[in-house]
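Taking it in order: structure first as structure tokens, then the write-up.
In this chain, numbering begins with 1 at the start of the sequence shown. Both ligands and their constituent atoms are indexed starting at 1 by order of listing. All values below come from the heavy atoms of this structure, side chains included, with hydrogens, waters and symmetry mates left out. Since this is a predicted model, take the numbers as computed values, not measurements.
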Amino acid sequence: MTSHNVGELTAQFPLLNELIELKEISWFNPSVTSLEKALPYVGLDSEDIRDASMRLKRFAPYLSKVFPETASLKGMIESELVDIPDMQKRVEAEAGCSIPGRLMLKKDSHLPISGSIKARGGIYEVLAHAEKLALAAGLLSIEDDYSKLAGDDFKQFFSQYSIAVGSTGNLGLSIGIMSAKLGFSVSVHMSADARDWKKQMLRAHGVNVVEYEQDYSVAVEQGRKEAEKDPNCFFIDDENSKTLFLGYSVAGERLKAQLDQLGIAVDEEHPLFVYLPCGVGGGPGGVAFGLKMALGDHVHCIFAEPTHSPCMLLGVHTGLHDEIAVQDIGIDNVTTADGLAVGRASGFVGRAMERLLDGYYTISDESMLRYLWELNDAEGILLEPSALAGMLGPQTVIRGSDYLQRFGLSPSVMNNATHIIWATGGGMVPESEMQKYLNASL
Ligand SMILES: *Cc1c(COP(=O)(O)O)cnc(C)c1O
């Protein structure tokens with residue numbers, strides 16, 4: 001990797017000084033443009049999303065059978081979208097400004113199977129791989145009822161193959177649980193941030209958990225190396241995978257259907273703001289891509305990162321993408337938001353999405369923990385710290401007067417806005433762990 005002269009970088013990008021001081025900052029993207037102009041740079045289109053969506057439909061009967069908690073939605077892995085009016089009042093009181101419009105929470109935290117946003121992309125990529133193997137072996141055709149995949153003959157077949165992944169925790173949970181259920185032999189390479197309960201849960205599912213004392217990038221690298229030694233091993237590459245990205249992107253059409261059902265319009269007079277916690281970028285990037293494709297130019301996507309791990313903001317702002325890590329400018333990548341503890345962003349996502357994301361901001365661990373406590377107190381909803389990163393978003397937007405002006409978002413238009421905090425995880429956190437999070441904010 002190239003080395004960086006911090007003095008030269010800060011001279012060229014003064015915002016980095018505040019990043020280095022670990023301040024909560026925001027940056028609205030001057031290069032954001034219309035979907036029409038930006039799409040060629042993404043390299044994926046609506047056909048790709050449709051393909052992913054159809055694949056998930058084919059697998060629905062299987063999922064419904066092997067994960068009974070998905071049966072009520074007929075094997076569709078989807079979460080609720082709910083209003084959080086009492087939290088809106090708390091946020092306004094704390095911010096000292098009003099948040100015009102409607103504040104909502106997208107509860108990916110409570111997605112079935114693995115309790116986080118990773119139940120979208122992670123599970124999808126395992127399914128895509130399993131389908132490919134079974135089709136190639138002549139054991140399956142796409143017209144079949146996929147519930148047959150639950151049979152012992154398929155488990156036997158998949159047991160010849162292995163899957164590996166590097167993770168800070170939640171991706172490992174999704175991929176580990178799904179792969180083990182199908183019958184694959186699976187290894188999850190866990191970074192130092194990964195919580196012990198996640199490792200224990202995976203081991204209970206028969207997953208091989210490999211632990212590292214270093215951060216996420218090292219866990220991914222080691223996982224990749226391990227997998228390269230074995231031709232029957234498939235490595236799920238969180239830093240570069242288009243398949244993962246497309247699994248996440250299906251959320252766009254799903255959210256559109258939920259908004260339609262609630263009678264919430266998204267157009268020039270009714271903007272939608274979506275606040276997405278960002279780690280390596282695949283989850284929020286894929287969701288944002290799907291949202292743009294489903295809802296168009298009046299959905300505004302904003303990424304949120306911990307002050308200690310602002311890898312995407314750093315990569316996009318400097319244009320260096322995955323050629324720079326937060327550690328290169330003296331930031332430690334140590335945060336209680338373990339799902340976001342990533343020092344180097346995905347170069348694929350940063351480049352693909354740089355014209356489609358309105359802005360980026362950072363949030364301190366203290367703020368995430370405070371919001372964690374407040375959300376439970378106000379609404380009785382418990383999330384993990386990472387999932388609260390979006391909560392600072394609405395006030396960040398309201399205060400971004402240049403940004404609002406640039407998009408013609410006048411006060412009267414903002415009165416019609418919908419703000420969605422994407423709650424990315426927490427549904428499977430054990431009670432004792434949750435109590436620690438709640439106590440930490442007091
Ligand atoms: C993984 C994760 C994210 C971010 O997803 P990336 O693909 O790493 O950007 C956000 N929140 C939680 C809880 C996560 O586990």
Side-chain angles (χ1 to χ4, degrees), residues 79 105-111 113-125 165-176 188 190-191 193-195 197-198 215-217 219-220 236-249 251 274-290 301-306 309-313 315-316 322 333 335-350 352-353 357 360 363 368 371-372 382-391 393 421-429 433-434 437:
S79 69
L105 193 74
K106 178 63 176 162
K107 290 173 73 180
D108 274 13
S109 46
H110 293 74
L111 280 173
I113 305 176
S114 63
S116 81
I117 188 172
K118 306 298 193 309
R120 297 185 185 277
I123 288 176
Y124 174 72
E125 181 148 14
V165 66
S167 170
T168 62
N170 286 336
L171 185 65
L173 272 188
S174 287
I175 286 172
V188 175
M190 290 272 204
S191 62
D193 327 274
R195 305 285 104 190
W197 67 266
K198 292 181 184 172
D215 82 350
Y216 164 87
S217 305
V220 171
I236 294 186
D237 188 349
D238 195 19
E239 290 174 327
N240 298 295
S241 171
K242 295 198 165 80
T243 310
L244 264 178
F245 186 85
L246 287 168
Y248 290 116
S249 72
V274 183
Y275 306 98
L276 294 149
C278 177
V280 73
V287 169
F289 177 57
C301 299
I302 318 274
F303 277 16
E305 295 177 289
S309 310
C311 64
M312 189 61 83
L313 198 166
V316 176
D322 56 352
N333 189 30
T335 167
T336 185
D338 47 302
L340 311 179
V342 176
R344 188 186 302 278
S346 161
F348 153 59
V349 174
M353 293 300 291
L357 301 173
Y360 307 78
I363 176 168
M368 285 184 270
Y371 287 136
L372 188 155
L382 282 166
L383 304 178
E384 64 182 271
S386 299
L388 277 306
M391 204 58 84
I421 313 294
W422 211 279
T424 45
M428 300 213 333
V429 176
E433 293 290 320
M434 195 52 89
Y437 289 140

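Evaluation of the ring-ring contact (aromatic ring centres under 6.0 Å, His included) rule for F245 yields F289, F348 as partners, not counting sequence neighbours. Qualifying salt bridge (Lys or Arg N to Asp or Glu O under 4.0 Å) partners for K198, counting only residues two or more places apart in sequence or in other chains: D338, E384. Taking the salt bridge (Lys or Arg N to Asp or Glu O under 4.0 Å) definition, one finds that D238 meets it with nothing, sequence neighbours left out.
Considering only heavy atoms from C-beta on, L340 stays 4.5 Å or farther from T424 through its side chain. By the 4.5 Å heavy-atom criterion applied to side chains, M368 and T335 are counted as neighbours. At a threshold of 4.5 Å between non-hydrogen side-chain atoms, the residues S79 and H110 do not count as touching.
Enumerated by chain and number, the residues approaching ligand 1 to less than 4.0 Å through a heavy atom are K118, N170, P277, C278, G279, V280, G281, G282, G283, P284, G339, L340, E384, S386, T424, G425.
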